[in-house]
Undergrad: 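The structure's right below; bear with me while I get my questions together.
Not measured: the values here are computed from a predicted model. Each residue takes its place number in the sequence, starting with 1.
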Amino acid sequence: MEIGTSNDADDSISFMASGNVGIGTSNPNDKLDVSGYVRLLSSSNPIRFTSSWSGFPDYAENQAEICNDTTNYKSLMIVGNKSGKQGRKVSIWDRLEVNGILNVSGDIQTQCAIVPSIGNSENNGIMFPKDYYGGTGDSAWIRYYSDQSRGGGENMTLEIGIANDVGTGGYYGGGDRIKLTASGGVI
């Protein structure tokens, strides 16, 4: 069943035998397929779904937008509302896992501890970007690990290190380091 106008084939609402419903399309590919922007909760706190950034959250304090922008920002954008008088805000109340690199373009503020991974490799601790000003192995790090050179197990070491170029060993060998041990020693 199709409800539409005769001037444009895409100005229609289609109810298909498969159970799919299309708005603005006569061939819906999902249970609900809308061709164009979508706004939900218009009478209370509207959320707009778009395919290019529209700035919808900037027009009123209670508005938010989810945008799959492939033209300008080339990103899936989740932009919160301004109702808390803190600028636009998005909150995540449960565990957030990032599978890949997390790039932050602003400050990181926390009310709890920052808990980096434990271990003695470039995948653990706090690692600063390699070769930031060029070079071929410049690196710096802060790591906490079970120190095998002192017997392993609970013989833990906190290491702050820096290396300049590959010849000094990068993350793994050479370079300058400060090692603090649980027994009170500084190496």
Undergrad: According to a 4.5 Å side-chain heavy-atom criterion applied to Ile, Leu, Val, Met, Phe, Trp and Tyr, with indirect links allowed, do V34 and I66 form part of one hydrophobic cluster?
TA: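 Yes, because V34 and I66 connect within a single hydrophobic cluster, where side-chain heavy atoms sit under 4.5 Å apart.
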Undergrad: Distance only, no hydrogens: is a donor on one side chain within 3.5 Å (strictly under) of an acceptor on the other, for S117 and N124?
TA: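 A pair is found: one side chain offers a donor N or O, the other an acceptor, under 3.5 Å apart.
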Undergrad: If only atom types and distance count, is the side chain of D147 paired as donor or acceptor with the main-chain N or O of S149 below 3.5 Å?
TA: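 Yes.
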Undergrad: Quick one: pull up CG in L180 and CD1 in I178 and give me the separation to the nearest 0.5 Å.
TA: 7.0 Å
Undergrad: Could you tell me the separation between the OG atom of S75 and the CG atom of N68, rounded to the nearest 0.5 Å?
TA: 8.5 Å
Undergrad: On a heavy-atom basis, which atom in W53 and which in V79 lie closest, and how many Å separate them?
TA: CZ3-CG2, 3.5 Å
Undergrad: Are any of the side-chain heavy atoms of I142 and L158 separated by less than 4.5 Å?
TA: yes
Undergrad: Restricting to non-hydrogen atoms, name the atom on C67 and the atom on S52 that form the minimum distance, rounded to 0.1 Å.
TA: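 C67 and S52 have their closest heavy atoms at SG-C, 3.3 Å.
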Undergrad: Give the cluster check for F56 versus M77: same hydrophobic cluster or not, with ILVMFWY residues linked at side-chain heavy-atom distances below 4.5 Å.
TA: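 No, F56 and M77 fall in different hydrophobic clusters.
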Undergrad: Give the C-alpha distance, both sets of side-chain angles, the deciding distance and a yes or no for side chain to side chain contact (heavy atoms under 4.5 Å, CB included) between F49 and L40.
TA: CA-CA 8 Å; F49 293 83; L40 303 175; 3.5 Å; yes
Undergrad: Do N81 side-chain atoms and A64 backbone N/O form a donor-acceptor pair below 3.5 Å?
TA: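 The answer is no, because no donor-acceptor pair under 3.5 Å joins these two groups.
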Undergrad: Going by the side-chain contact (heavy atoms from CB on, under 4.5 Å) test, name the single residue among K179, R177, Q148 that passes it with T157.
TA: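 Result: among K179, R177, Q148, K179 is the only option passing the side-chain contact (heavy atoms from CB on, under 4.5 Å) with T157.
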Undergrad: Do D69 and T50 touch side chain to side chain, with heavy atoms closer than 4.5 Å?
TA: no
Undergrad: Hey, is OH on Y37 packed in by over 12 heavy atoms from elsewhere, all under 6.0 Å?
TA: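 Yes, the 6.0 Å shell around OH holds more than 12 heavy atoms from other groups.
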Undergrad: Honestly curious: do V104 and V98 fall in one hydrophobic cluster under the side-chain, below-4.5 Å linking rule?
TA: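 Yes: a chain of side-chain contacts under 4.5 Å links V104 to V98.
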Undergrad: Could you check D33, L32, D30 and say which one makes a side-chain contact (heavy atoms from CB on, under 4.5 Å) with V21?
TA: L32
Undergrad: Could you please spell out the steps behind the side chain to side chain contact (heavy atoms under 4.5 Å, CB included) verdict for I118 and M156?
TA: CA-CA 10 Å; I118 295 174; M156 303 301 286; 4.2 Å; yes
Undergrad: Tell me if the OH atom of Y145 is crowded by more than 12 foreign heavy atoms within 6.0 Å.
TA: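 Counting other residues, nucleotides and ligands, OH of Y145 exceeds 12 neighbours.
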Undergrad: Just how far is it from atom CD of Q63 to atom OG of S83, taken to the nearest 0.5 Å?
TA: 11.5 Å
Undergrad: Within this structure, what is the CD1-CH2 distance for the pair I162 and W141, rounded to the nearest 0.5 Å?
TA: 8.0 Å
Undergrad: Is there a chain of hydrophobic side chains (I, L, V, M, F, W, Y, each step under 4.5 Å between heavy atoms) that links L76 to L102?
TA: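 Unlinked, L76 and L102 end up in two clusters.
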Undergrad: With clusters defined by side-chain heavy atoms of hydrophobic residues (ILVMFWY) lying less than 4.5 Å apart, directly or transitively, does L96 cluster with I108?
TA: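 Same cluster.
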Undergrad: Can you confirm whether the side chains of T25 and N27 place a donor and an acceptor under 3.5 Å from each other?
TA: no
Undergrad: List the atom of G153, the atom of S146, and the distance in Å for their closest heavy-atom pair.
TA: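 For G153 versus S146, the nearest heavy atoms are O-OG, 2.8 Å.
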Undergrad: Got a donor-acceptor contact below 3.5 angstrom from the D138 side chain to the K130 backbone?
TA: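 Checked: no pair found.
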Undergrad: Can we say R48 and E65 salt-bridge, meaning some charged N sits less than 4.0 Å from an Asp/Glu carboxylate O?
TA: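 Salt bridge between R48 and E65, a charged N being under 4.0 Å from a carboxylate O: no.
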Undergrad: Under 4.0 Å between a Lys/Arg side-chain N and an Asp/Glu carboxylate O for E159 and R143?
TA: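 Salt bridge: yes.
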Undergrad: Show the nearest heavy-atom pair for residues P57 and R88, with the distance to one decimal.
TA: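 Heavy atoms only, the tightest pair is CB-CD, 3.9 Å.
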Undergrad: So do T181 and R150 actually touch side chain to side chain, heavy atoms under 4.5 Å?
TA: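 Yes. Closest side-chain heavy atoms under 4.5 Å.
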